[in-house]
Amino acid sequence: MSTIYLGIVVFLIMLAIFDIVVGVSNDAVNFINSAIGSRAARFRTIILVAAVGVFAGAALSNGMMDIARHGIFTPQYFSFEDVMCIFLAVVVTDVVLLDVFNTLGMPTSTTVSMVFELLGGAFALSLFKVMGDSSLSFGMLLNTDKAIQVIMAIFMSVAIAFVFGWIVQWITRLLFTFKTSHAPVRSGLFAGLSLTAIVYFLLINGLKGSSLMTPELKAFVDENTFMIVVCSFVGFTVLMTMLNFFKVNALKVVVLSGTFALAMAFAGNDLVNFIGVTLAGISSYQDFITNGAGDPSTFMMTSLMESAKTPIFYLVGAGAIMVVALTTSKKAHNVVKTSVDLSRQDEGDEMFGSSAMARSIVRYTSTGARAVSAVIPESVSRWVAKRFNVSESHLEDGAAFDLLRAAVNLVLAGLLVALGTSLKLPLSTTYVTFMVAMGSSLADKAWTRESAVFRVTGVISVIGGWFITAGVAFTMASLVCSAMYFGGIVVMLAFIALAVFLLVRSNIKYAKRAQKKDELDEIFKQIVALPQNPGTYADARRLIADHSRLGNIQLLDFVRNEFFTITSSFIHEEYRKLKQTQSRLRDQQRHWKRIRRREIIGMRRIDPLVAIEKNTWFFLANNAGGQMIYCMKRLSEPFIEHLGNNFTPLPLEKYSPYLEQEDAIKSLFDQTIGMLQNGDFSHAEDIRHEAHRLQAQLSNMRKTEIDNITAGTESPSMKNAEFLYINLLQETQELLSALRHLVRGLNKLQDNTAESQYA
């Protein structure tokens with residue numbers, strides 16, 4: 001029996017390694033997004049600084065391991081068999097859950113997942129124990145006070161981090177404005193204050209709990225804390241001011257120092273999320289082998305009530321794996337992109353759409369802001385507006401926001417996380433860093449009226465994902481733990497195999513998707529990287545033309561395939577195939593809106609006079625593309641209802657006139673796609689002429705069908721299928737009309753001035 005449990009412990013270690021990899025892929029956003037978003041240094045430099053911080057934090061994380069041992073449940077009432085069920089269920093659930101979020105590119109909380117998985121697994125077994133032994137209660141088996149304290153600290157950190165991020169950034173920007181490069185003394189003062197805060201909270205406060213600190217050194221720090229802080233402030237301020245005068249940006253030093261500090265706080269606070277449960281499992285196994293007498297179901301785990309004494313090589317080894325995962329994980333870069341895009345200073349690729357809740361929040365907030373502005377003296381409003389003149393902002397090439405905001409994000413998030421660590425509360429570094437970044441971006445007026453709804457939708461989506469994490473983690477761990485408890489060793493091994501299989505399959509699928517780089521994304525990145533000045537107007541215009549051309553090629557290829565899938569599925573009564581087109585239409589509609597928004601942003605980067613001239617044709621082409629999608633939706637919905645209700649179909653021969661036109665319509669789409677691929681619009685009018693001819697033929701077919709229905713009857717009645725056939729002819733006409741408008745708009749956008757008699 002002990003050999004089997006040894007195997008489970010080995011699997012726990014293996015899954016813990018997976019957990020570190022997927023956890024760091026998710027949590028890398030916590031400590032490198034500000035440095036990456038502000039372009040404080042090269043990516044390799046940022047990773048190197050973060051790696052050093054991770055190693056330092058790993059060596060200091062021992063005190064947090066108690067959360068996994070006895071912070072959520074009372075182990076003295078659980079047998080070795082019970083705790084192994086709980087620990088294995090937690091690790092299996094955690095690995096799969098985090099990998100799903102990473103694949104979606106959504107930052108979630110490893111702290112929340114670990115706490116709620118422990119709570120879910122312990123709750124399930126506590127329920128069985130209370131049902132079997134009336135002398136036990138949930139209050140005895142679950143450490144409810146500590147669990148509530150931890151959960152409240154986690155979720156309160158959302159509001160606290162956002163509010164503090166907004167207030168601190170607003171005050172900082174009010175003092176320093178966006179012209180930080182023109183204020184070397186003030187910049188040096190801010191840098192000195194920031195570095196002093198980092199030293200105090202993350203080095204002095206963090207090192208107090210480290211086993212590396214000797215009693216003599218701890219006593220010296222306690223007795224001279226004030227002097228250390230004062231000397232650090234004076235020294236750092238003088239040094240940073242001198243660096244500014246020598247043209248070395250002190251804020252870059254602060255951002256890199258903050259990256260180190262936050263990486264250190266992350267490892268110190270979050271390492272328990274990755275290896276705490278596994279280390280508790282190893283400790284349990286060692287205690288069972290030494291004192292268990294071979295019966296895992298009766299040996300109680302009182303030893304877990306003691307504080308953890310984790311060997312340093314475990315911590316350093318985990319830190320090494322974290323660094324490797326951080327350096328190599330493509331999913332980490334995907335999650336970082338989500339956070340950076342939501343906090344960028346200017347408009348960019350808003351990856352989230354608009355939601356009713358976000359629209360309401362923005363509308364009511366705007367109303368409240370106007371009410372507050374009405375009672376503020378006009379002179380004060382003008383002064384504040386002058387301090388928040390965004391046009392004075394200087395961003396590094398490709399940066400999403402400036403170094404001042406990056407410094408505030410890192411320093412403030414580091415302080416909040418360090419405070420939670422010192423109080424032995426496993427605050428979610430994801431919650432804290434993400435919400436600080438959102439609060440600071442709001443204070444910096446990065447959420448304009450053009451982007452606020454999309455940003456708020458993104459924040460709501462991410463926060464909603466966090467709450468889903470809590471519920472799913474609790475439920476999944478409860479079910480998995482229950483199955484292991486009743487199924488024994490066989491079920492435990494089955495779940496281990498399932499977790500490994502899901503991870504391997506997920507990573508293979510993600511790697512395949514990652515290889516398919518979207519050329520549209522690359523072009524848009526080049527567009528937003530261009531500064532808005534006359535010297536880049538020509539480049540912006542060329543890139544927008546390429547983006548429009550490629551986007552319309554994708555759209556026309558989609559329409560060509562899906563439109564005839566819809567008609568064929570209806571004619572041949574393939575209900576399931578027809579239903580599947582609905583989700584693809586919804587996805588394409590969202591994708592087209594995203595393309596349209598990107599190109600609107602791009603139009604602002606070309607010569608304003610040219611933009612005004614091309615505006616009509618731009619919207620003509622975009623609206624025509626959207627009309628094609630709506631045309632297919634209008635066509636598919638009654639088709640689905642007809643087949644779903646199993647109504648009488650028309651005979652196949654009834655569709656013969658229409659099917660004879662399909663090849664010509666498909667050929668027309670092929671010609672249009674070929675024209676866009678070659679960039680040669682010399683045959684644009686020929687395509688529009690052919691589309692007009694086909695429209696006329698479909699119109700005659702529609703008139704003939706109506707005449708056939710009404711001929712020879714005083715009160716004709718039209719079957720539902722006949723009505724849908726006439727609708728098919730009408731919508732095909734509309735599709736061809738939209739194609740004509742699309743070709744005309746693109747023709748004009750490409751500087752082809754030929755007019756058409758079919759406009």
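Heads up: numbering here begins at 1 and tracks the sequence.
- A donor-acceptor pair under 3.5 Å is absent between the side-chain atoms of T278 and the main chain of I275, judged by distance alone.
- The two residues A473 and L97 make their nearest non-hydrogen contact at CB-CD2, 3.8 Å.
- In this structure, F245 and V185 have side chains that are in contact, with non-hydrogen atoms separated by less than 4.5 Å.
- When side chains are defined from C-beta on, L189 does not count as touching L193, because their heavy atoms never get closer than 4.5 Å.
- Listed by chain and number, the residues in a salt bridge (Lys or Arg N to Asp or Glu O under 4.0 Å) with E223 amount to none (sequence neighbours excluded).
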Checklist entry - Between L415 and F164, is a side chain to side chain contact (heavy atoms under 4.5 Å, CB included) present by the stated rule, with each step listed? => result CA-CA 11 Å; L415 300 185; F164 271 83; over 6 Å; no

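- The main-chain N or O of V234 is never found under 3.5 Å from a side-chain atom of T237 such that the two would form a donor-acceptor pair.
- The shortest distance between side-chain heavy atoms of L174 and W383 falls below 4.5 Å.
- Of the possible polar contacts, one joining the D402 side chain to the R405 backbone as a donor-acceptor pair under 3.5 Å is found.
- By the salt bridge (Lys or Arg N to Asp or Glu O under 4.0 Å) test, R382 is found to be paired with E378, residues two or more places apart in sequence or in another chain being considered.
- In this structure, the side chains of L404 and F190 come closer than 4.5 Å at one or more pairs of heavy atoms.
- Side-chain contact between F260 and V52 is present, with at least one heavy-atom pair separated by less than 4.5 Å.
- In terms of heavy atoms, A407 sits closest to V255 at N-CG2, 3.9 Å.
- Between V277 and M114, the shortest heavy-atom distance links the atoms CG2-CG, 4.4 Å.
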Next on the checklist: Could you walk me through whether I376 and V384 satisfy the side chain to side chain contact (heavy atoms under 4.5 Å, CB included) test, starting with their C-alpha distance in whole Å, then the side-chain angles of each, then the deciding distance to 0.1 Å, before giving a yes or no?
Outcome noted: CA-CA 11 Å; I376 295 177; V384 171; over 6 Å; no

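- We find the OG-CG distance between S34 and L412 to be 10.5 Å, quoted to the nearest 0.5 Å.
- Note that CZ of F176 is 10.0 Å distant from CZ of R387, once rounded to the nearest 0.5 Å.
- Considering only heavy atoms from C-beta on, L239 stays 4.5 Å or farther from V253 through its side chain.
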